[in-house]
Colleague: 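Have a look at the structure that comes next, please.
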Amino acid sequence: MAVPMPSKRRSLVVQTSMDAYTPPDTSSGSDDEGSVQGDSQGTPTSSQGSINMEHWISQAIHGSTTSTTSSSSTQSGGSGTAHRLADVMAQTHIENHSAPPDVTTYTSEHAIQVERPQGSATSRIAPKYGNAELMETGDGVPVSSRVSAKIQQLVNTLKRPKRPPLREFFVDDFEELLEVQQPDPNQPKPEGAQMLAMRGEQLGVVTNWPPSLEAALQRWGTISPKAPCLTTMDTNGKPLYILTYGKLWTRSMKVAYNILHKLGTKQEPMVRPGDRVALVFPNNDPAASMVAFYGCLLAEVVPVPIEVPLTRKDAGSQQIGFLLGSCGVTVALTSDACHKGLPKSPTGEIPQFKGWPKLLWFVTESKHLSKPPRDWFPHIKDANNDTAYIEYKTCKDGSVLGVTVTRIALLTHCQALTQACGYTEAETIVNVLDFKKDVGLWHGILTSVMNMMHVISIPYSLMKVNPLSWIQKVCQYKAKVACVKSRDMHWALVAHRDQRDINLSSLRMLIVADGANPWSISSCDAFLNVFQSKGLRQEVICPCASSPEALTVAIRRPTDDSNQPPGRGVLSMHGLTYGVIRVDSEEKLSVLTVQDVGLVMPGAITCSVKPDGVPQLCRTDEIGELCVCAVATGTSYYGLSGMTKNTFEVFPVASSGAPVSEYPFVRTGLLGFVGPGGLVFVVGKMDGLMVVSGRRHNADDIVATALAVEPMKFVYRGRIAVFSVTVLHDERIVIVAEQRPDSTEEDSFQWMSRVLQAIDSIHQVGVYCLALVPANTLPKTPLGGIHLSETKQLFLEGSLHPCNVLMCPHTCVTNLPKPRQKQPEIGPASVMVGNLVSGKRIAQASGRDLGQIEDNDQARKFLFLSEVLQWRAQTTPDHVLYTLLNCRGTIANSLTCVQLHKRAEKIAVMLMERGRLQDGDHVALVYPPGIDLITAFYGCLYAGCVPITVRPPHPQNIATTLPTVKMIVEVSRSACLMTTQLICKLLRSREAAAAVDVRTWPPILDTDDLPKKRPAQIYKPSNPDTLAYLDFSVSTTGMLAGVKMCHAATSAFCRSIKLQCELYPSREVAICLDPYCGLGFVLWCLCSVYSGHQSILIPPSELETNPALWLLAVSQYKVRDTFCSYSVMELCTKGLGSQTESLKARGLDLSRVRTCVVVAEERPRIALTQSFSKLFKDLGLHPRAVSTSFGCRVNLAICLQGTSGPDPTTVYVDMRALRHDRVRLVERGSPHSLPLMESGKILPGVRIIIANPETKGPLGDSHLGEIWVHSAHNASGYFTIYGDESLQSDHFSSRLSFGDTQTVWARTGYLGFLRRTELTDANGERHDALYVVGALDEAMELRGMRYHPIDIETSVIRAHKSVTECAVFTWTNLLVVVVELDGSEQEALDLVPLVTNVVLEEHYLVVGVVVVVDVGVIPINSRGEKQRMHLRDGFLADQLDPIYVAYNM
């Protein structure tokens, strides 16, 4: 059967279990799943299932004509009901077996198909969605009869679409599919015959072998008590202590007696036979540990040897605590010295270590123990199936498991080692390894006692001081055997300087415990090279392979024949990544040279099986996981039956499907093969396996390559960690190394780039991240290695603190979705038809109609605000309109109607007389937020001048703020500038002269001393369409734009707000906003005069000294409506977060607030408004009171929540669809969901439509497009010097390209959508909600998709606790991410990988540059909006003074 061609994309969304989709073509193999079929089809069987499924699914998705949805049931064996159902159906209906299945599509959208191998007895039908009545028979005749009710019911359930239906998933996210790696057609495939399981030699039972290990100890302890058993060394290399067999025997008995009889009471002993006890002994005290170990064996309790917990938070110590807890350990045996060294509480108690159970610490020194009575004797049995000891094993993820070893396995293992190594009585063996586990325990503690050998134990602390110590001991004791790791050989080489008296001719066996490591071969060769002249023979070096589960897997036998060279394999690295053995030549770089680790153990059977899926025997040229069947292996993971079954009870099967043996095998966790002559070769560990885009790489190989790049100068040899992290559905390789303190930044970078090149050329794989950390900072294991899982954990949580980072996401992330190609635009006709066909309503909405509202609005009869003020001054002269608060919350100033009127008159006189201004002249008002600004504004209206409010320069920051003032004054063509005396001095100061040319200011009038007289007459404009004022603002993209507001628009604006917020003279409104532009200015200066309500003015700058000022004022004045900006809200949230209790005590009460509106020109910041609501809920703030408004340049307020009307709604949209300018509503909490809050209610008199920004056609409900607005208070145009007419007409007077082509609209420049909600508004209509997504100017076009900076920034801020703010922009077409770091500078580099990861994962974008800066570098305007373009200019001009800039390769 042909395999369908793989198609590139795969839907990211359908992540249901892949087993649910069996490709139609494999139905023949469904009887013997996973048998030869994979090989005959030529797909790599390890991932065979899934690859075929993907071909099939992708075929189903990508327009294969016959099937448009994926099947919801399965055809493979073991699929339960659906499979049986298909069977039943096949047998019930199909009479005609000979006709080939006809897969024509019926009238129904999705026909049910029959996929059937030719000539099979029955054919299976996979029920698909769609019309289940149209069942096909063999020759394609639909049958609907004879379907039992039960089956029909099942079919119907299968037919019922899930929510949302699968089809929508596929269609909707079509562009967003991640690339799926296509298998390389030329990839090597295994071609050899099936391997045979290898048997080791017969385990010859010698007559005098003891029946158990305790029996051996008893024998030697009684017949040769003086024979030395163990010699320990001090840190100077002097023998510290010699333990004889006699002492070992008597002391172990004593320990056994005391454990059983002296803990707890006679009736309730603490420890009974079979219980587990911890052995906690330091590495320099093997003697005490050995006594305790044998004491446990004699007492028939189970020792669990572990490391000494040095601090309460050792790397990995917590996990060991979990192991002890799960083993039910309550007693820890330890030595005197160790007990004294443990951390203690002030009372002398040993604290409970993190994650550890409560332990009783029991010291095993003889002097502390009672002597056993004469008649007491341990019960020595023959070895049986009871557990002898538990060895701990640390997994890839850092969790610790306990491998149980039975007494019979323990004894058989000692026998097998004795036979394989040819051990004889009284031999001397030097042991450098850890005696608690693995090879060090097996040879140095267990097998040695069986054979009455003498062990010379070299502690790690001595090796650190003198790396040659083990070689010196071999010479001194003429030892026959030494147990070392390749590290010890390497250290000896480095330390060895012509030591004259070294002679290694006594060695008959040098056991290399990590001989299975790919780099051990170079240590062995180099060691032999140097020490051959000192009597070392080549055949003495015996690498072995071991694993905690299978104990010793293979060991090279010591021979006397020096002519037989050891086995070597030179394998192609490329082949290995596909799990295939291909012999190569040594000259090439991209090869792995491996040495054999000898033959299978005596009495064992070894084979290799495929690492994933069914444990099928490998072919002879295929890499698999080695499995061992023997008595001498571990039997389980203590307390974990499921994991035990998968590891210790494996039954390998041959290609015929028959099991290889009736006895279970144990998985060793080693990857390798059995070569010619039964030699075992290991190429890596399962734990170190990293599968990157379908190819396997071994962490150890990558370490070896990194080390080969002249490392000694820059990094420490043994201090390199390699692991993979999953980013964007694939594993990515991370390398972390410790850098030598003396290497310069430049050296390190050179080394890093060389390493990247080397790994790329040798392994053909990209490295995602290479990080260098300062010397000695990586978490260590107790014997000095790197604690890998802890390192990975630190990397992922951003607390590794590297000093150099190089990331290469551009090269190694190859599965990003294809860049989106813009579709050709659809013509208006088809869109219209489309709208009508799909029943979509066109997205348009409006606020209440101003004409129909009957209200007793006295101010309505006046056309101009100046008239309204005069009328109020006559009718209610003493009514207070404005109250200004200072930073202490007391009234600094207030203004009644008549006071305002009189001061406005004086200012008008001043303008006419001193300023000699004509009507229509422009006047810049440069005032701090307050009362003066308001009087100056009305003074201008009274004089017929056009005011422009300008934020005054900041006295501490003149250099940056004054040029903006100057620019507004010039662009607005102001004939004169009014201000206070203080600012007047500032504008003429020396600092000002340094920033701008002060000679070119227009005349400056200071309003602190006003003329005493009244004007002859107050100016009355001739026409409501004449200019009332200019509104200047710097947009977030850094553009200065002024808009013209005529008198009619100004009055309409005030009326609209009055109606929306129900403002009357009796109302009080608190305003904490900047009064210079937009709605902030209108609320501060205009609304009170129009509606007559009292405005309590709180300058936002005062909150810097007193953050509670605004809320206290709201509470004190019992205000019902208040307005603020995002920066004010943020200041309160951050500044008052911890003070809610004390504010409550001061009587702060917000329960009267019915609207708290954030005035904004952006997408609502839902996270901020929600945290504000949550924080002040306890102070009575109703969450529904908090809402936002929306305005922009063309219309300063389009939406505002107001008092009546439904609460603001929130929807969740799919962020991926938004990038394609589509809105797809999803459930809260679904992946890629983005919450959007409605921007308040549409103001009375405002109409909105959503239009396509390119074609200018109207869009349907819930479609994303540009928000267009039509209203009486639209601005009447831009006020600029340049007079760019096209922009003017486009923004302020656009018409739709079809539909209603008459209405004139203003384009807001913001993307958003309208959605009809279930709620009803004041007129009883269904309420239309407007959701603002973001500004078109700010949106970034990347990979053909539209991204809004805020979305990426939100992800980045979440990535690490020390990121306080973030801004993104594009440069050339790189994405630049600037993050503010609130933490120590050593955290700066931690952010680089985290930022890159999160943007890849959530936005499918590769970050080009990460810039880490100090807090406060990202410029933010008065409205709290980020000025990304200013930041970009600063970045390009190199003015940011960053802590770190990382360029991702």
Side-chain angles (χ1 to χ4, degrees), residues 198 200-201 204 416-424 426-433 439 442-444 447-448 451 453 456 470-475 477-490 492-493 496 502-546 552-570 586 593-602 604 606 672 674-682:
M198 247 353 263
E201 72 229 52
L417 285 177
T418 302
Q419 182 172 329
C421 302
Y423 283 141
T424 52
E427 271 190 306
T428 306
I429 173 170
V430 170
N431 179 30
V432 191
L433 307 172
V439 180
W442 306 331
H443 290 259
T447 311
S448 59
N451 295 298
M453 290 154 68
I456 317 292
W470 70 271
I471 292 184
Q472 292 160 353
K473 295 300 165 225
V474 169
C475 305
Y477 287 93
K478 301 218 169 3
K480 293 283 186 69
V481 181
C483 293
V484 297
K485 279 193 162 178
S486 41
R487 173 187 71 189
D488 308 318
M489 299 159 81
H490 177 78
L493 285 176
H496 146 83
I502 289 182
N503 181 358
L504 297 179
S505 56
S506 66
L507 272 184
R508 66 175 188 84
M509 192 172 189
L510 177 60
I511 298 174
V512 184
D514 57 352
N517 238 346
W519 62 65
S520 68
I521 184 166
S522 60
S523 296
C524 292
D525 289 353
F527 189 78
L528 181 67
N529 233 350
V530 169
F531 287 99
Q532 213 157 6
S533 55
K534 315 272 191 199
L536 180 72
R537 304 189 304 285
Q538 175 182 8
E539 63 276 13
V540 164
I541 296 179
C542 296
C544 75
S546 65
T552 308
V553 176
I555 187 164
R556 200 184 288 172
R557 315 292 196 260
T559 56
D560 300 331
D561 177 12
S562 52
N563 308 330
Q564 185 196 355
R568 286 279 156 108
V570 179
E586 287 244 22
T593 307
V594 287
Q595 58 185 352
D596 71 280
V597 286
L599 299 163
V600 177
M601 292 297 286
T606 300
V674 181
L679 292 176
V680 177
F681 289 87
V682 175

Colleague: Do Leu599 and Val680 touch side chain to side chain, with heavy atoms closer than 4.5 Å?
Modeller: no

Colleague: Holding to side chain to side chain donor-acceptor pair (under 3.5 Å), I want the full list of residues that pass it with Gln532, two or more places apart in sequence or in another chain.
Modeller: none

Colleague: About how many Å separate CD of Gln472 and CD1 of Ile456, when rounded to the nearest 0.5 Å?
Modeller: 13.5 Å

Colleague: Under a 4.0 Å threshold between the charged nitrogen and the carboxylate oxygen, would Arg557 count as salt-bridged to Glu201?
Modeller: yes

Colleague: Taking the side chain from Ser533 and the backbone from Val530, do they hold a donor-acceptor pair closer than 3.5 Å?
Modeller: yes

Colleague: Just by distance, with hydrogens left out, do Ser520 and Asp514 show a side-chain donor and acceptor under 3.5 Å apart?
Modeller: no

Colleague: May I ask you to check whether over 12 heavy atoms, not counting those of Lys473, lie within 6.0 Å of atom NZ?
Modeller: yes

Colleague: Show the nearest heavy-atom pair for residues Lys485 and Ala513, with the distance to one decimal.
Modeller: CG-CB, 4.3 Å

Colleague: Are the side chains of Cys524 and Val512 in contact, using a 4.5 Å heavy-atom criterion?
Modeller: yes

Colleague: Donor-acceptor check, side chain of Glu427 to backbone of Thr424, threshold 3.5 angstrom: yes or no?
Modeller: yes

Colleague: For Arg487, check salt bridge (Lys or Arg N to Asp or Glu O under 4.0 Å) against everything at least two apart and list the hits.
Modeller: none

Colleague: Asn503: what forms a side chain to side chain donor-acceptor pair (under 3.5 Å) with it, not counting sequence neighbours?
Modeller: Ser505

Colleague: Got a donor-acceptor contact below 3.5 angstrom from the Ser506 side chain to the Ala479 backbone?
Modeller: yes

Colleague: Listed by chain and number, what are the ring-ring contact (aromatic ring centres under 6.0 Å, His included) partners of Phe527, not counting sequence neighbours?
Modeller: Trp470, Phe531

Colleague: Taking all atoms of both residues into account, what is the closest heavy-atom pair of Met601 and Ala416, and its distance?
Modeller: CE-CB, 3.8 Å

Colleague: Of Ile555, Val682, Val597, which meets side chain to side chain contact (heavy atoms under 4.5 Å, CB included) against Pro543?
Modeller: Val597

Colleague: Looking at every heavy atom in both Cys421 and His443, which two are closest together, and how far apart are they?
Modeller: SG-CE1, 3.9 Å

Colleague: Counting only N and O atoms by type, is there a donor-acceptor contact under 3.5 Å from the side chain of Thr447 to the main-chain atoms of Trp442?
Modeller: yes

Colleague: Is any side-chain heavy atom of Lys480 closer than 4.5 Å to one of Thr428?
Modeller: no

Colleague: Roughly how far, to the nearest 0.5 Å, is CG of Leu679 from CZ of Arg568?
Modeller: 12.5 Å

Colleague: Heavy atoms, side chains only, cut-off 4.5 Å: are Glu539 and Pro558 in contact?
Modeller: no

Colleague: Nearest 0.5 Å please: distance from the CD1 atom of Ile541 over to the CG atom of Asp525.
Modeller: 7.5 Å

Colleague: What are the two closest heavy atoms between Gln538 and Leu528, and how far apart are they?
Modeller: CA-CD1, 3.6 Å

Colleague: To the nearest 0.5 angstrom, please state how far the OG atom of Ser523 sits from the CG atom of Asp488.
Modeller: 9.5 Å

Colleague: Roughly how far apart are Ile511 CD1 and Leu433 CG, rounded to 0.5 Å?
Modeller: 8.5 Å

Colleague: List for me each residue that meets side chain to side chain donor-acceptor pair (under 3.5 Å) alongside Ser522, sequence neighbours excluded, and say none if there are none.
Modeller: none

Colleague: Tell me every residue that passes salt bridge (Lys or Arg N to Asp or Glu O under 4.0 Å) with Asp596, counting only those two or more places apart in sequence or in another chain.
Modeller: Arg556

Colleague: Could you measure the distance from the NZ atom of Lys534 to the CD1 atom of Ile502? Nearest 0.5 Å is fine.
Modeller: 6.0 Å

Colleague: Which heavy atom of Met509 sits nearest a heavy atom of Cys542, and at what distance?
Modeller: CG-SG, 3.8 Å

Colleague: How close do Gly444 and Asn431 get, heavy atom to heavy atom, and via which atoms?
Modeller: CA-ND2, 4.2 Å

